[in-house]
Engineer: 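Below is the structure I would like to discuss, written out as structure tokens.
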Amino acid sequence: MYREFKSLNLPAIDAEILQFWRDEQIFEKSVEQRDPNNSFVFYEGPPSANGMPGIHHVMARTVKDLFCRYNTLKGFRVERKGGWDTHGLPIELQVEKELGITKEDIGKKITVDEYNQACRATVMRYKDLWDDITRKMGYWVDLDNPYITFEDQYIETCWWLLQRLYNKKTANGDSFLYKGFTIQPFSPAAGTGLSSHELNMPGCYKEVTDTSVVAMFKVRPDEQSAFLFDHADEDVRVLAWTTTPWTLPSNVALTVGPNIEYVKVKTFSPYTAAPVSVVLAKERLSAYFDVANAELPMEPFDTAAKKPAIPFRAGEAFKGSRLLGLRFEQLLPYVTSPELEKDGFRIISGDWVTTEDGTGVVHTAPYFGADDMRACKEAGIPMIGIADEKGVIQPLVDRQGKFVNEVTDFAGRYVKAEYYNKEAQNDPDFKPTDLLITLKLKEDNKAFRIEKYKHNYPHCWRTDKPVLYYPLDSWFIRASAAKERLSELNQTINWKPESTGSGRFGQWLDNLQDWNLSRSRYWGVPLPIWRTEDSSEEVCVGSIPELATEIEKANAALGLNQQVPKDLHRPYIDDVVLVSASGKPMRRELDLIDVWFDSGSMPYAQWGLDYEKMAAGADKPFKTPFDVSYPASFIAEGVDQTRGWFYTLHAIAGMCFDSVAFQNVVSNGLVLNKDGSKMSKSRGNVVDPFKTIDAYGADATRWYMMSNANPWDNLKFDSDGIVETRNKYFGTLFNTYNFFALYANLDGWKMDESNVMPYADRSELDRWVISKLYSLVQDYREAMDDYEPTRAARALETFVDEHLSNWYVRLSRRRFWRGDMSDDKRAAYETLFECLMVTAQLSASLAPFFSDWLYRNLTAPIREKAIANGTPLRHESVHLSDLTAPDGTKIDVDLEKRMDYAQRICSLALSIRKKEKLRVRLPLQKILLPILDEAFMAEVDGVKDLILSEINVKEIEYITDSSGLLKKGAKANFKTLGAKLGKDMKAAADQIAAFTNEQINDLEKAGSVAITANGTEYAITPEDLIISTEDLPGWKVATDAGLTVALDVTLTEALLAEGTARDLVNRIQNVRKEKDFNVTDRIEVAIEPHPAIEAAVAHYADYIKAEVLANSLILTAEGPWETVELNDEVTLNVRVSMA
RNA sequence: UGCGUAGUAGUGUAAUGGUGAUCACGCGUGCCUGAUACGCACGAAAUACAGGUUCGAGUCCUGACUACGCGACCA
């Protein structure tokens, strides 16, 4: 027996199948039954278990699961090792918050050890919830043996990779792992650098009012600058604006846009009235000069006046490129150097310069701006500052935010007012350093304008004081040196969507900066580099055994008794002292590495180092099964990982092994609220994945997310959409299965794999749906192989709803419930069974629960036999089966075309009925079908019976030319004609549209006809026309894409009687249904005589009896009665009783 | 502010440059047709804007606008 069900309950199916999977170890079997050497490699991007899983995780993991399952069905072995991301700032910040401490307290109020223990305890906080959602959503991944980034084996592999980078050298001998200076956000008040993450916390950007100044940089006259000088003594200055006057003593360059237009303006210094010529962007002229003053006589103005009118004369505009290389005098000459005198204080080029504000010239101080630093490096401008004892040039502002002594006028002063304490700031004589600097410039005739300026500026979230951009010592990976190669490797990756790969990712690679690895934190992978105190010697350790060797060496040389720490984290690793080649002690560089390096290392670190392979000198000495697990065939994560995990995977693989880490990548979009807003806890509009899955089932949720929009588009999540999916797809499939089960059980029919009726022997309708099914198999596989799950899901939806349920089953209904077992009936069962079975298989990747449930229900009655015979249906789960192979021989394009005609003809006929208010139960005599060629007639004739029964019409009359009724119209076939005619298309199309019947007939007969368009003659063939029938005068017609149907709406007594008979059948069936009779029960029917039914009963009694399974049908005046409405006017008394 | 992506019925979506623009929900109308009212049939309803290329543009180009994402937030 096939199981039958009252109603669809997806959550109950989830529970049943989940239990089955667990009991029978289906996931494990699905992996293990496949050949290890035929692998489809998948990498799990590790989530962090210290936050709750959200609905977007369900989305991302559906994508992952889908392709893993699909490839399993295709026969690949798909290992899926789970993983957990356990390090990183978010975790540290959370722990700090919960412990009520700040970074400064670590090592003081709490030991590093205790702190790290707290982090370790936190990272797996929600692991149970994660495991739970993983199971409930049907995500198959190995949860029992995950990789965990804080484990020593994992850390050790990261070290190995770092060492490889350390040893790798560029062409000019630079190491890929190096220590250097960069400009980073820095909080002097907290004494620490800040990550961009910290800077982007809410409230960090605040509106502040700073003193801004336009400074005047005096141009040195020389050959190159001569064009700016009218005479040798002219005082020519370049204007540059800044909101951070404290950076002016560090100025070494001015940056201009090479394509921006600049002008020289003769005028007078606003503060001293001395004659001066200033250079600024032409577009900015109006911001600094009042047009009205251009006419004033060129005489010095009165500096005492409140708002003096300053005369000026603007010169000819010239491109910024002419300014490049010009030298200027240092603005505030506190510190300089021979190098600077040689190469500094020049005008350089920057494409980021705008004329939105300022003067179109950017004051450039490399230590206090990342752009500045880059521009200076590119232009070869040396750093400005004071060399420390190691010869490294240190900035003119120290780490407390104070000017160094060399900046004599301001030595020891904080550069920002906010760094002074409240008292000092409240002193009536207090003047911020910025202001003092501007006053000095004013006095020295170096200021052009001083004013307050309001703007947004980042603040430290911990101290609430403004951040400085400041050079800090950090370890870097020289990614910029691998830029081209990484770009090339990226070309070989199949990105979904393509634009993310070429756009966001590609451009990121093209502009690749070195990767700042250093984090001054505690909970993470420690940098495995030990240095002597003077930094002259260092070692990079690449494994635990190597560390052990180094420790032994150090113990021997330094007389210590150290061991490899039991835990590679801080603080233990910090205690390890190693010895340098020259015998000096070396201590570890205290930095941790960026957590993103952790996750990018997972292809290797998830397996760990294999010491034997290492000893043998293997290029990739990682444990088995690394060799068959690299690179990944497929990975998938959110687009936010483009510069995160996707990048780190790619960068590490590219730089360490000159390889890609993954071949196909799907980057899925965001899951938004249904109104398109972001889901966020603070807005309280997050969707709980547990509740969603409990309510609607995992399959409906998964299917909704994949079918509604491409995974890479943002999804506006709306649970109404899940309901729709459930009703439409799963409801329809469920009903189709239930229909099948109901009648198969009644007939005692079971699938017999060994005795299947050849397709050729089955009906037109059967072969049609089989053809559709195999077309679906093809489309589905193409879509899935192309990583297009949405296309795959929609193809399935169309098949199930339109083809299988609403055409095949609807038209086949009678075959199932009429009469005894016949060949035709058997063919119907086998056909429907096959459709359901294959649908279950194709749906299995997207909807793993329902599909398995369906498959198991279909195959349970024959499982034992199938196992005994080793036939395809022997598998206990759809997920263990082999995906149905595409089979072109089962696809009959002509048949599909015929059926398409049938469907459209029916639709047209029904539409006429609708318009004429002629219900379908009322039979009509005929439809007229104009035909244009013999082939069409033959095609329609093949599906004639289906059409007639579907629209309840007695006959089809084909109308040909000879009938004289047919009126043909022609339209140009633009596709074929376009190429031929080009410009003359329009004229020709007009002529063709005006073709008469005779012209069209002539063309068809002759095979070609000449027309003249715009004076050129063209030969037109029948293929160049789209011929349609236009109208049938005097008939009720409907047309659609060249098809025309006319309906004979003449009603005769006989037709009316038959219609009434069918109405009666329907009413009696309803009574049967109300009384809950079984579909096979025989009945007796009595009807009270009524004129409206006289004729129907007289002529169609046998028909009625047969349809309703009545043994007798009598007309009698004797009750008891039930009343049924025959139509709006007539109410009948009837009696239906069990025979 | 830079870069990227996208703007198609009320909503969500589809459409190798080829001419009545797809599908679903919702809406309207009619139907409890012996699997399915969580259903069926039939309708009404859209290419955001301004230009351009082309015989022909939803599709290609340009511009402004809007939304989202990623950067930058520095002068």
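Chain letters run A, B, ... following the sequence lines, proteins first, then strands; residues in each count from 1. In this text the structure is predicted, and so the values were computed from the model without any measurement.
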Engineer: Give none if B:C38 has no partner; otherwise give the nucleotide forming a Watson-Crick or G-U wobble pair with it, both distances under 3.5 Å.
Structural biologist: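 Across all strands, not a single nucleotide pairs with B:C38.
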Engineer: Which part of the nucleic acid, if any, lies within reach of A:Asn708 when heavy atoms closer than 4.0 Å are counted: base, sugar-phosphate only, or nothing?
Structural biologist: sugar-phosphate
Engineer: Determine the contact category for A:Ser805: base if any of its heavy atoms lies under 4.0 Å from a base atom, sugar-phosphate if only primed atoms, P, OP1 or OP2 are that close, otherwise nothing.
Structural biologist: base
Engineer: Would you say the rings of A:Trp749 and A:Tyr743 are close, in the sense that their centroids are separated by under 6.0 Å?
Structural biologist: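 Between A:Trp749 and A:Tyr743, which both carry aromatic rings, the centre distance is not below 6.0 Å.
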Engineer: Taking atom types as modelled, is there a side-chain donor on A:Asp747 or A:Tyr829 under 3.5 Å from an acceptor on the other?
Structural biologist: yes
Engineer: Less than 4.0 angstrom between a side-chain N/O of A:Asn806 and OP1 or OP2 of B:C40, yes or no?
Structural biologist: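 Answer yes for this pair, as a side-chain N or O of A:Asn806 is under 4.0 Å from OP1 or OP2.
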Engineer: Between A:Trp241 and A:Ala709, just flag the one whose closest nucleotide in RNA chain B comes earlier from the 5' side.
Structural biologist: A:Ala709
Engineer: Taking atom C1' in both B:U59 and B:G71, compute the distance separating them and give it to the nearest angstrom.
Structural biologist: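 These two C1' atoms come out 30 Å apart once rounded.
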Engineer: Please determine if a side-chain N or O atom of A:Lys986 lies less than 4.0 Å away from the OP1 or OP2 oxygen of B:C55.
Structural biologist: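 No, A:Lys986 has no side-chain N/O under 4.0 Å of OP1/OP2 on B:C55.
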Engineer: By nearest atom, which of the nucleotides B:U13, B:A41, B:G43 is closest to the A:Leu910 side chain?
Structural biologist: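 Output: B:A41.
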Engineer: Once you round it to whole Å, what is the distance between P of B:C25 and OH of A:Tyr729?
Structural biologist: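 Nearest whole value for this atom pair: 16 Å.
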Engineer: Quickly work out the A:Lys716 NZ to B:G26 P distance and round it to whole Å.
Structural biologist: 19 Å
Engineer: Using a heavy-atom cut-off of 4.0 Å across all strands, would you classify A:Arg913 as base, sugar-phosphate, or nothing?
Structural biologist: nothing
Engineer: Once you apply the 3.5 Å cut-off to both distances, tell me the Watson-Crick or G-U wobble partner of B:A67, or none.
Structural biologist: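 Result: B:U5.
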Engineer: Just checking A:Asn710: base, sugar-phosphate only, or nothing, at a heavy-atom cut-off of under 4.0 Å?
Structural biologist: sugar-phosphate
Engineer: Can you tell me the pairing partner of B:C27 across any strand shown, Watson-Crick or G-U wobble, with both distances under 3.5 angstrom?
Structural biologist: B:G43
Engineer: So that I can tick it off, tell me whether A:Arg919 and A:Asp1063 are bridged by a salt bridge, with the cut-off set at under 4.0 angstrom between side-chain N and carboxylate O.
Structural biologist: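 Judged by the 4.0 Å cut-off on N to carboxylate O distance, A:Asp1063 and A:Arg919 do form a salt bridge.
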Engineer: So if I take every side-chain heavy atom of A:Lys983 and compare against B:G43, B:A14, B:C55, which nucleotide ends up nearest?
Structural biologist: B:C55
Engineer: In whole Å, measure the gap between the P atoms of B:U62 and B:A24 for me.
Structural biologist: 36 Å
Engineer: Students often get this wrong, so: under 4.0 angstrom with heavy atoms, is A:Asp718 touching a base, only sugar-phosphate, or nothing?
Structural biologist: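 Nothing: the residue A:Asp718, judged by heavy atoms under 4.0 Å, touches no strand.
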Engineer: Does B:G20 have a Watson-Crick or wobble partner in any strand here, with both distances under 3.5 angstrom, and which is it?
Structural biologist: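 Partner of B:G20: none found under 3.5 Å.
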Engineer: Could you check whether A:Asn714 gets within reach of a base, just the sugar-phosphate, or nothing at all, counting any heavy atom under 4.0 Å?
Structural biologist: sugar-phosphate
Engineer: Between B:C3 and B:C40, how many Å separate the two P atoms, rounded to a whole number?
Structural biologist: 49 Å
Engineer: Tell me which nucleotide, if any, is Watson-Crick or G-U wobble paired with B:A48 when both distances must be under 3.5 Å.
Structural biologist: none
Engineer: Is any side-chain N of the basic residue among A:Arg814 and A:Glu1107 closer than 4.0 Å to the acidic one's carboxylate O?
Structural biologist: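 Salt bridge flag = yes for A:Glu1107 with A:Arg814.
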Engineer: Between A:Asn857 and A:Tyr2, is any side-chain donor less than 3.5 angstrom from a side-chain acceptor?
Structural biologist: no
Engineer: Relative to the 5' end of RNA chain B, which residue comes earlier, A:Ser907 or A:Ile1068, by the nucleotide with the nearest heavy atom?
Structural biologist: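 In this pair, the answer is A:Ile1068.
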Engineer: Does B:A35 have OP1 or OP2 under 4.0 Å away from a side-chain N or O of A:Arg813?
Structural biologist: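 For B:A35, OP1 or OP2 has a side-chain N or O of A:Arg813 closer than 4.0 Å.
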Engineer: Provide the distance between the two P atoms, one in B:U22 and one in B:A48, to the nearest whole Å.
Structural biologist: 16 Å
Engineer: What is the separation between atom CG on A:Asn727 and atom P on B:A24, rounded to the nearest whole Å?
Structural biologist: 15 Å
Engineer: Distance between the P atoms of B:U8 and B:A50, in whole angstroms?
Structural biologist: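 Their P atoms lie roughly 16 Å apart.
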Engineer: Taking the same atom, C1', in B:U47 and in B:A15, what whole-Å distance lies between them?
Structural biologist: 11 Å
Engineer: Separation of A:His56 atom NE2 from B:G69 atom C1', in whole Å?
Structural biologist: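 Going from A:His56 (NE2) to B:G69 (C1'), I get 15 Å.
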Engineer: B:G63 and B:C55: how far apart are their C1' atoms, nearest whole angstrom?
Structural biologist: 26 Å
Engineer: So what does A:Tyr743 touch, heavy atoms closer than 4.0 Å: a base, only the sugar-phosphate, or nothing?
Structural biologist: sugar-phosphate
Engineer: Rounding to a whole Å, what distance do you find between A:Leu977:CG and B:C55:P?
Structural biologist: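 Spelled out: CG on A:Leu977 to P on B:C55 is 15 Å.
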Engineer: Categorize A:Val639 for me: base, sugar-phosphate, or nothing, with a 4.0 angstrom heavy-atom threshold over every strand shown.
Structural biologist: nothing
Engineer: Given the rule in the salt bridge (charged side-chain N to carboxylate O under 4.0 Å, His left out) test, do A:Glu782 and A:Arg791 qualify, once you have shown the distances and angles that lead to the verdict?
Structural biologist: CA-CA 9 Å; A:Glu782 268 167 31; A:Arg791 239 167 62 201; 5.1 Å; no
Engineer: Going by an N to O cut-off under 4.0 Å, is there a salt bridge joining A:Arg904 and A:Asp900?
Structural biologist: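 Yes, A:Arg904 and A:Asp900 are salt-bridged.
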Engineer: I would like to know whether A:Trp596 and A:Tyr647 meet ring pair (Phe, Tyr, Trp, His ring centres under 6.0 Å); could you show each step before the answer?
Structural biologist: CA-CA 9 Å; A:Trp596 287 108; A:Tyr647 169 62; 9.8 Å; no
Engineer: With heavy atoms under 4.0 Å as the rule, sort A:Gly731 into base, sugar-phosphate or nothing.
Structural biologist: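 Answer is nothing: A:Gly731 stays at 4.0 Å or more from every strand.
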Engineer: Of the nucleotides B:A35, B:G20, B:C25, which one has an atom closest to the side chain of A:Lys971?
Structural biologist: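 Looking only at heavy atoms from C-beta outward on A:Lys971, the closest nucleotide is B:G20.
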Engineer: Can you tell me the distance, in whole Å, between the CD atom of A:Gln903 and the P atom of B:C40?
Structural biologist: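 A:Gln903 atom CD is separated from B:C40 atom P by 14 Å.
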Engineer: Within the structure shown, what part of the strands sits under 4.0 Å from A:Arg919 by heavy-atom distance: base, sugar-phosphate, or nothing?
Structural biologist: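 Nothing, no nucleic acid heavy atom in range.
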Engineer: Rounded to whole angstrom units, what separation is found between the CD atom of A:Glu788 and the P atom of B:A15?
Structural biologist: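 These atoms are roughly 9 Å apart.
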Engineer: Using a cut-off of strictly less than 4.0 Å, decide whether A:Lys728 has a side-chain nitrogen or oxygen near OP1 or OP2 of B:U36.
Structural biologist: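 Checking B:U36 against A:Lys728, no side-chain N or O comes under 4.0 Å of OP1 or OP2.
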Engineer: Given B:A14, B:C40, B:C55, which nucleotide is nearest the side-chain atoms of A:Met985?
Structural biologist: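 For A:Met985, the side-chain atoms sit closest to B:C55.
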Engineer: For B:C74, which nucleotide in any strand shown is its Watson-Crick or wobble partner with both distances under 3.5 Å?
Structural biologist: none
Engineer: Please report the distance, rounded to the nearest Å, between CG in A:Asp372 and P in B:C73.
Structural biologist: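 Nearest whole value for this atom pair: 11 Å.
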Engineer: Remember a base hit wins even if backbone is also touched, and classify A:Lys917 as base, sugar-phosphate or nothing at under 4.0 Å, heavy atoms.
Structural biologist: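 Answer is nothing: A:Lys917 stays at 4.0 Å or more from every strand.
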Engineer: Reckon A:Arg810 has a side-chain N or O less than 4.0 Å from the OP1 or OP2 of B:U33?
Structural biologist: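 Checking A:Arg810 against B:U33: no side-chain N or O falls below 4.0 Å of OP1 or OP2.
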Engineer: Answer with yes or no whether the side chains of A:Trp495 and A:Asn490 bring together a donor and an acceptor at under 3.5 Å.
Structural biologist: yes
Engineer: So, is A:Thr736 near the phosphate of B:U36, with a side-chain N or O under 4.0 Å from OP1 or OP2?
Structural biologist: no
Engineer: Please give the distance between the C1' atoms of B:U36 and B:C70 as a whole number of Å.
Structural biologist: 48 Å
